[in-house]
Amino acid sequence: MKAKAEAPPERLTAGEKAKEEEASTAPLPEKCQVGGSPVYIVERKLGKGGFGQVYVGRRASPTTAKSGADANYVALKFEHRSSKGCNYGPPYEWSVYSCSSLGGIAGIPRVHYKGRQGDYYVMVMDMLGPSLWDVWNSQGQVMSQEMVACIAVEALSILEKLHLKGYVHGDVKPENFLLGQANTPNEKRLYLVDLGLATRWRDSVCGTHVEYDQRPDVFRGTVRYASVHAHLGRTASRRDDLESLAYTLLFLLKGRLPWQGYQGDNKGFLVCKKKMATSAELLCRYTPQAFRQFTEAVVNLKFDEEPKYAAYVALFEPLCGSTLSRPILTDTAAKVGQKRGRESLEDETLDLAAPKKKIRLGLPATQWITVYNAHRPMKQRYHYNVANTRVEQHVEKGNDDGLYISSVACCQELWALIMDAGTGFTAQVYELSNQFLPKEWIMEKWEEGYYITAMAGSTNGSSLVVMSKGTPYTQQSYKVSDSFPFKWINKKWKEGFYVTSMSTSHTRWAVVMSRNAGFIDQCVELDFQYPSEGIHRRWDAAGFRITACAATPDQAAFVLSVPRRRPMDETQETLRTSAFPSTHVKDKWAKNLYIAGVAYGRTVS
Ligand SMILES: Nc1ncnc2c1ncn2[C@@H]1O[C@H](COP(=O)(O)OP(=O)(O)OP(=O)(O)O)[C@@H](O)[C@H]1O
């Protein structure tokens, strides 16, 4: 049966596509000569990607050379000067190729010439054969286990070498792995193309790992194969290429990934959520255990952790079949293994018997998240499981004792209130409303000089908003949104606002931002689980401390800030518990740690 042709997944947004259309209708030259190259006649199209179009170039004055700079046939990659990759001159990919001799790596095609001709930037490269996606599609959308294992071994060796040069590829997928030209000695060789999204993981000057960051509105790559960290906008590092490779291999082997088929505006969110919810075990069901072991190992890599390439290769090697008749040549991988020598290979064994604590794919859990800050001794009080009718009596009693509400949260339609003697507020009002959030009431209180200082929402859409006087704020703005409003936050940061409160109501988010919040820097950690690694990295860098937190049944978000006046004792701790942590709080108080934030929602146990 002939397989139905399937279009590979798109990488561009609609706006970008419109621009590419315009660029691709500009006529291509019939002949091409750039950067001192011979003259090529532009022949059939080899492929088209998000940024460029690739054509066969045949030398106008033929030679007998089959490969290299003199080859009779080359691949010409044309990028229109108005294309996205060329906003500031030559395509970004050129700079990647030229500054790090990547073309010298076995498995990365060589670029022989480059230059501009008319409206096009042209790169003259080795001509290669079909992509793995083409092969998979033309073989009836299946690929043998042996073939996929060989691809794994070679791809790991190419990625290791690319990583050694300080680069992450950033778009590992079946369409970007090409075989050598058919009917040549290289037809069973694997190559990795398209360095248009490559970024440095290692600084070219000081050689240190690039700094960790998360910008939840930035996505680069292809939704189907992107790592969860890439979806969440984290700075790319070596782990991301390997996670995408795991998805690439499983796609080729199984013909489908569990997150295919989502459509619409929040496709990226749904795909990412599904990736998080799919364990390596489930993803790799009915495949040899090497696939599960590899997937498990790479999805649990830390941001700056060195991947154990040789150990991953060793998992797949036994599945590759006899070295004499492999469907893909694996000799470059073998060479890498030999060069390393025994000792380094020994450090590279994967501890499969006792896997380290998994940072992903744990059991989803809905928990209390409490944040504690060091503070000189003060009175603090908490109430939880508070029904609407009982809020007033707790607040009044607290106020009588000189306490104001510092944080609120909601669990199963019941409120939690934290009241403190150390807020610095001079007056406070609150509103229980069936709206998320009560706009009229907030506007009215803004008029009276109150600012929002705490809020919580329940799953049924009601909210508890607390507004106070005596804050340093000079202006405030809030947003309610169906997805985490990072774009809005980013815009407001530029206007001098900082996030000062955050809450959720089922899957909706509300974020309050204030001017003169007393912070000099702020960042966001957002994840489908408690983002432990990110929080630790922020704590360790530049004095960031959690200043707001909220969680939905899917995601948890933490806002971390650097205060203008750093406290003497910067100790901060977080706790996740399935019941409200009453006894823990008392232990913390005994150590002068006080609740600074509380939320109820998605974590992972
Ligand atoms: N050297 C080559 N030889 C043969 N075909 C090639 C070569 N380079 C690219 N191609 C074909 O052209 C397609 C697009 O190339 P490439 O991925 O480099 O372009 P791009 O515009 O950067 O794409 P993407 O959308 O993946 O970023 C490839 O999928 C492949 O089919």
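In listed order, ligands and their atoms are each counted from 1. Note that the structure is a prediction, hence the values are computed from the model and not measured.
Looking at Val56, Val74, Leu46, it is Leu46 that brings a heavy atom closest to atom 31 (O) of ligand 1. Nearest-residue assignment for atom 3 (N) of ligand 1 (options Leu128, Val193, Thr222; heavy-atom criterion): Leu128. Atom 5 (N) of ligand 1 has its nearest heavy-atom neighbour, among Leu76, Leu178, Asn176, in Leu178.
Other residues, nucleotides and ligands place more than 12 heavy atoms under 6.0 Å from the NZ atom of Lys254.
Which parts of ligand 1 touch Ala75 is read off a 4.0 Å heavy-atom cut-off, strictly below it: atoms 1 (N), 2 (C), 3 (N). Taking a cut-off of under 4.0 Å to the non-hydrogen atoms of Asp126, the atoms of ligand 1 that pass are 1 (N), 2 (C), 3 (N). Counting atoms of ligand 1 from 1 in the listed order, those under 4.0 Å from a heavy atom of Glu175 are 29 (O).
Within the structure, side-chain hydrogen bond (donor to acceptor under 3.5 Å, both in side chains) pairs that include any residue of residues 56-78 comprise Glu43-Arg58, Lys77-Glu93 (at least two apart or interchain).
When only interatomic distances are considered, the shortest N/O to N/O separation between Asp134 and ligand 1 does not fall below 3.5 Å. Polar contact with ligand 1: present for Gly52 (N/O pair, distance under 3.5 Å).
For Glu296 and Asn300, the side-chain atoms include no donor-acceptor pair closer than 3.5 Å.
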Can you check side chain to side chain donor-acceptor pair (under 3.5 Å) on His80 and Tyr121, steps first, answer last?
CA-CA 6 Å; His80 195 271; Tyr121 287 101; over 6 Å; no

Verdict with reasoning, Trp493 to Gln522, per side chain to side chain donor-acceptor pair (under 3.5 Å)
CA-CA 8 Å; Trp493 276 339; Gln522 194 163 68; 2.9 Å; yes

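Of all the heavy atoms of Leu197, none lies under 4.0 Å from any atom of ligand 1, so neither backbone nor side chain is involved. Of the heavy atoms in Glu93, none comes closer than 4.0 Å to ligand 1. Only side-chain heavy atoms of Lys173 come within less than 4.0 Å of ligand 1; its backbone N, CA, C and O stay farther off.
Under a 4.0 Å N-O distance rule, the pair Lys273/Asp554 qualifies as a salt bridge.
Aromatic rings from Phe303 and His209 are positioned such that their centres are separated by under 6.0 Å.
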Cut-off 3.5 Å, no hydrogens considered: what does the side-chain donor-acceptor table look like for residues 320-328, sequence neighbours left out?
unit_1 : atom_1 : unit_2 : atom_2 : d
Ser322 : OG     : Leu324 : N      : 3.0
Arg326 : NE     : Gly321 : O      : 3.1
Arg326 : NH1    : Glu317 : OE2    : 3.0
Arg326 : NH1    : Thr330 : OG1    : 2.8
Arg326 : NH2    : Glu317 : OE2    : 2.8
Arg326 : NH2    : Gly321 : O      : 3.1

